[in-house]
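Scroll down for the structure; my scribbles are underneath it.
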Amino acid sequence: MRFIQKMNAKSQLQNAIDAALHGVDFSGVAPETLQVAKATNPQFGDYQWNGALPLAKALKMKPRDIAADVLGRLDVSDIAEMPEIAGAGFLNFRIKTSWLENALNEAQNDARLGVESARETGKFVVDFSSPNVAKPMHVGHIRSTIIGDAIVRLLRFKGHQVVTDNHIGDWGTAFGKIIVGWKSDLDEKNLASDPIGEMERLYKLINERAKSDASVEDLARSETALLQSGDEENLKIWERVRDLSQEQFDRIYALLGIEFDVALGESFYNPRLPALVDELLAEGVARESEGAVAIFSDGKAEPKDDPFLINRDGQWTDFPAIIRKRDGAATYATTDLATLEHRLKEWAPDEVIYVVDARQQGHFRQVFAAFKRWKPEEEMRFSHVSFGTILGDDGKPLKTRSGENVKLQELLDEAQSRALAIVTEKNSAYDDQTAQNIARAVGIGAVKYADLSQNRATDYLFSWDKMLATQGNAAPYLQIAYTRVRSIFRKAQSEGIEMENAPIHLIEPSEIALGKQISRFSEAIDAALVDYRPNALCDYLYELAGSFAAFYRDCPVTQAGAEVRNSRLALCALTARVLQTGLGLLGIETLEQM
RNA sequence: GUGCCUGUAGCUCAGCUGGAUAGAGCGUCUGACUACGGAUCAGAAGGUCGGAGGUUCGAAUCCUUCCAGGCACACCA
């Protein structure tokens with residue numbers, strides 16, 4: 001028995017099509033071309049099936065004949081009007097209002113708004129955010145953090161098991177320099193008032209000295225070695241640095257409303273690395289080369305698809321993944337392999353998702369391929385959910401005027417203060433605390449939505465005006481749409497109208513259109529998860545707000561007669577819940593008033 | 001040089017598992033304020049989908065090639 005989603009017209013129609021195709025030989029046709037799709041144009045109805053065309057090619061028949069044949073065996077009478085055969089052989093479906101009313105009435109009595117869990121739920125580990133210790137979080141971290149969090153929320157909503165792991169950069173050669181600085185130049189007062197700033201100052205200071213003085217470089221290296229061998233004093237400094245950094249992360253994550261299940265930093269895997277390299281050597285996955293240990297091509301893939309080959313001057317040459325440097329230290333490829341090993345052992349996930357910058361694509365291709373060579377029997381899948389860069393007005397990666405990375409805390413503070421200015425300008429009646437709270441939800445929501453509403457593959461231009469706009473595809477517009485719905489209920493209440501879950505009965509065209517859009521919530525969530533593209537859900541919510549605006553214009557609610565009024569109140573309540581739930585899946589808050 | 005990503009309206013972006021007339025927002029122009037939130041809504045103008053070939057009944061979408069921009073290219077993460 002196929003999985004049927006009650007409120008999902010698309011999946012129900014698909015089901016009917018599949019049944020009608022039973023017995024038809026479509027082996028020569030790609031299955032995805034036989035899918036029901038949303039109509040490309042409202043004049044063609046709500047959904048369309050174009051499968052007759054590819055099928056006709058494979059079976060050497062006329063498309064319209066196939067469409068007619070399918071139509072003859074098709075029973076969609078519960079869902080849609082009898083479809084028409086249009087154009088070359090398209091089947092166009094118009095959803096019946098009776099089906100829609102049923103679906104909406106079920107949705108309003110369902111905590112999940114009619115969105116069913118995934119057919120097969122799985123276990124996922126999602127790796128995102130990954131800030132570095134002793135450094136301020138900056139713009140470079142927002143996309144990973146925000147997109148990663150949204151993906152996690154979406155997966156969980158669909159019933160999947162998810163472990164979130166923040167792979168913090170808390171190890172590496174930079175620590176030697178911080179320790180050198182900590183011992184010689186620590187300013188306790190500074191550390192107390194601005195710990196991150198002080199730690200960053202120490203690193204920069206020593207880094208600068210090391211450039212001109214080789215002995216400083218050597219000192220840093222020996223401090224690193226001491227730390228790694230468990231020197232008590234250095235370990236204490238390192239722990240202090242880590243704790244102070246974690247306080248910063250916690251503050252920012254609290255502001256963003258993001259939580260992690262675990263935060264196993266790079267240091268967690270450190271003890272495992274030497275043996276891991278030996279194991280890969282012993283198993284023949286890696287070999288020695290020029291004093292280092294590295295993984296080379298196994299020659300099984302096409303050169304251009306082989307992550308361990310690179311073309312240089314017309315020649316395909318080795319591009320190995322170094323897992324032990326000449327000086328004996330491991331690299332981040334080694335750590336990433338150890339991380340995958342640990343995740344497999346600890347959680348046995350179906351898929352590990354890395355939400356990381358597109359620039360690291362080459363690295364991840366190597367790590368994933370190396371892991372497969374190491375443990376070929378494992379079926380764990382890997383996804384690198386990559387994303388582009390945030391650009392400034394000049395079209396170059398966003399920086400401050402002095403060329404520094406924009407600090408995340410400062411960016412979020414500015415978002416809130418800009419939001420506060422807008423809130424107080426539009427409505428000065430709020431007390432301080434209320435205004436601050438609205439500004440927080442609006443400012444943070446704007447930053448998140450700006451990131452999520454864009455196709456993650458592309459770079460995007462950072463614009464305060466665009467993200468804080470009360471019109472267009474921006475968070476404040478959607479938050480306002482929510483408050484406008486809620487204000488209907490305030491109005492109703494003030495007029496003593498009783499609210500109840502009345503049966504929804506759709507009359508006006510814009511009322512039906514709103515209902516249809518609500519019924520597509522489930523489709524939007526699925527679309528957002530296909531390639532991990534939250535912008536699909538953003539587009540849906542924006543269209544929902546638009547549908548509501550049309551309804552709001554055409555259909556009086558509180559002034560209507562009791563029966564129509566109650567139905568419309570129920571439709572409004574459902575709209576609000578979908579907006580709130582949908583924005584919630586993006587990690588964005590809604591407000592009763594703003 | 002090789003690989004990956006990107007090129008769609010004046011600007012910012014959707015659409016890219018091929019489907020019937022390419023969509024939004026901003027900006028421009030024109031309307032709707034005795035208002036269930038005008039922090040809003042409606043309408044108009046605006047495109048040889050970077051160029052050229054090809055596959056197909058059908059291409060913004062797939063293939064080839066060229067042009068432009070970004071990124072990455074062993075012992076930093």
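Note on naming: letters A, B, ... go to the chains in the order of the sequence lines (proteins, then strands), and numbering restarts at 1 for each one.
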Just jot down the ring pair (Phe, Tyr, Trp, His ring centres under 6.0 Å) partners of Trp49(A), sequence neighbours excluded, or say none. none
Option among Lys10(A), Lys38(A), Arg94(A), Lys516(A) that satisfies the side-chain hydrogen bond (donor to acceptor under 3.5 Å, both in side chains) test with Asp46(A): Lys516(A)
Quantified in whole Å, what is the P atom distance between nucleotide rC4(B) and nucleotide rU65(B)? 11 Å
Reading nucleotides 19-32 of chain B from 5' to 3' and marking B where a protein heavy atom lies under 4.0 Å of the base, S where only the sugar-phosphate is that close, and - otherwise, the string is BBB--SSS------
Going by the side-chain contact (heavy atoms from CB on, under 4.5 Å) test, name the single residue among Val180(A), Val241(A), Thr224(A) that passes it with Phe175(A). Val241(A)
Between rU17(B) and rG54(B), how many Å separate the two P atoms, rounded to a whole number? 24 Å
Report the relative orientation of the aromatic rings in His384(A) and Phe364(A); use parallel for angles under 30°, tilted for 30 to 60°, perpendicular for over 60°. tilted
What's the gap between rA45(B) and rA35(B) when it is taken at their C1' atoms, as a whole Å value? 30 Å
Determine the Euclidean distance between corresponding P atoms of rG50(B) and rA77(B); express it in Å to zero decimal places. 40 Å
For Asp357(A), is there an ion pair with Arg359(A) - N to carboxylate O distance below 4.0 angstrom? yes
Determine the Euclidean distance between corresponding P atoms of rA24(B) and rG46(B); express it in Å to zero decimal places. 14 Å
Whole-Å distance separating the CG atom of Asp451(A) from the P atom of rA14(B): 12 Å
Under 4.0 Å between any heavy atoms, over every strand shown, what does Asn427(A) touch: base, sugar-phosphate, or nothing? Just pick one. base
Suppose you measure atom C1' in rC5(B) against the same atom in rA32(B); what distance do you get, rounded to whole Å? 45 Å
Whichever of Glu32(A) and Glu592(A) has the more 5' nearest nucleotide on RNA chain B, that residue is Glu32(A)
Can you tell me the distance, in whole Å, between the CG atom of Asp539(A) and the C1' atom of rC16(B)? 14 Å
Side-chain N or O of Asn455(A) closer than 4.0 Å to phosphate OP1/OP2 of rC13(B): no
Cationic N near anionic O, under 4.0 Å, Arg324(A) to Glu288(A): no
Flag yes if more than 12 heavy atoms outside Asp393(A) fall under 6.0 Å of its CG atom; otherwise flag no. no
If you assign Pro556(A) and Lys426(A) each to the RNA chain B nucleotide with the nearest heavy atom, which residue ends up on the more 5' nucleotide? Pro556(A)
Specify whether Trp171(A) and Trp238(A) have parallel, tilted or perpendicular ring planes, treating 30° as the upper limit for parallel and 60° as the lower limit for perpendicular. perpendicular
In sequence, state the C-alpha distance, the side-chain angles, and the governing distance for Asp451(A) and Tyr460(A), and then conclude on side chain to side chain donor-acceptor pair (under 3.5 Å). CA-CA 8 Å; Asp451(A) 212 299; Tyr460(A) 77 90; 3.1 Å; yes
At under 4.0 Å between heavy atoms, how does the protein contact nucleotides 72-77 of chain B? Give one character per nucleotide, 5' to 3', with B, S or -. SBBBSB
Which part of the nucleic acid, if any, lies within reach of Cys555(A) when heavy atoms closer than 4.0 Å are counted: base, sugar-phosphate only, or nothing? base
Between Ser453(A) and rA14(B), is there a contact of a side-chain N or O with OP1 or OP2 at under 4.0 Å? no
Could you state the NZ-C1' distance from Lys491(A) to rG37(B), rounded to the nearest angstrom? 11 Å
Which class fits the ring pair His138(A) and His141(A): parallel under 30°, tilted 30 to 60°, perpendicular over 60°? tilted
Hey, does the side chain of Ser487(A) come within less than 4.0 Å of rG37(B)'s phosphate (OP1/OP2), counting only N and O? yes
Which is true for Arg490(A) with a 4.0 Å heavy-atom rule: it touches a base, it touches only sugar-phosphate, or it touches nothing? base
Glu563(A) CD: over 12 foreign heavy atoms closer than 6.0 Å: no
Could you tell me whether the side chains of Asn270(A) and Glu266(A) share a donor-acceptor contact shorter than 3.5 Å? no
Can you tell me the distance, in whole Å, between the CD1 atom of Ile488(A) and the C1' atom of rG37(B)? 9 Å
Whole-Å distance separating the CD atom of Glu543(A) from the P atom of rG15(B): 12 Å
Atom pairs, N/O to N/O, protein against nucleotides 60-66 of chain B, distance under 3.5 Å?
none

Check this for me: does any side-chain nitrogen of one of Glu208(A) and Lys204(A) sit under 4.0 Å from a carboxylate oxygen of the other? no
For Tyr552(A), report the nucleic acid contact type (base, sugar-phosphate, nothing); a contact means any heavy atom under 4.0 Å. base
Determine whether the side chains of Glu523(A) and Tyr47(A) contain a donor N or O and an acceptor N or O closer than 3.5 Å. yes
Can you tell me how far P in rC11(B) sits from the matching atom in rG51(B), rounded to whole Å? 15 Å
Using the ring of each side chain (for Trp, its six-membered ring), is Tyr477(A) parallel, tilted or perpendicular to Tyr542(A), with breaks at 30° and 60°? perpendicular
Kindly say whether Ala358(A) contributes a backbone atom to a donor-acceptor pair with the side chain of Ser386(A) at under 3.5 angstrom? no
Above 12 or not: heavy atoms from other molecules or residues under 6.0 Å from CD of Glu495(A)? yes
Give a yes or no answer on whether the side chain of Gln479(A) reaches the backbone of Ala474(A) with a donor-acceptor pair at less than 3.5 Å. no
Check the distance between rU40(B)'s C1' and Phe551(A)'s CZ and give it to me in whole angstrom. 16 Å
In this structure, how many angstroms lie between the C1' atom of rG38(B) and the OH atom of Tyr477(A), rounded? 13 Å
Between Asp306(A) and Ser297(A), do the side chains contain an N or O donor and an N or O acceptor separated by less than 3.5 Å? yes
Dot-bracket notation for RNA chain B is requested: 5' to 3', Watson-Crick or G-U wobble pairs only, both distances under 3.5 Å, with ( ), [ ], | and . as defined. (((((((..((((.....[...)))).(((((.......))))).....(((((..]....))))))))))))....
Considering only atom C1', compute the distance from rA22(B) to rG38(B) and round it to an integer number of Å. 32 Å
Sugar-phosphate, base or nothing in reach of Glu495(A), heavy atoms under 4.0 Å: nothing
Is there a stack between Tyr460(A) and rU12(B), judged by ring centres under 5.5 Å and planes under 30°? no
Euclidean distance, atom CG of residue Asp394(A) to atom P of rG70(B) [Å, nearest integer]: 12 Å
Heteroatom pairs (N/O) under 3.5 angstrom, protein to nucleotides 3-5 of chain B:
unit_1, atom_1, unit_2, atom_2, d
rC4(B), O2', Gln361(A), OE1, 3.4
rC4(B), O2', Gln361(A), NE2, 3.3

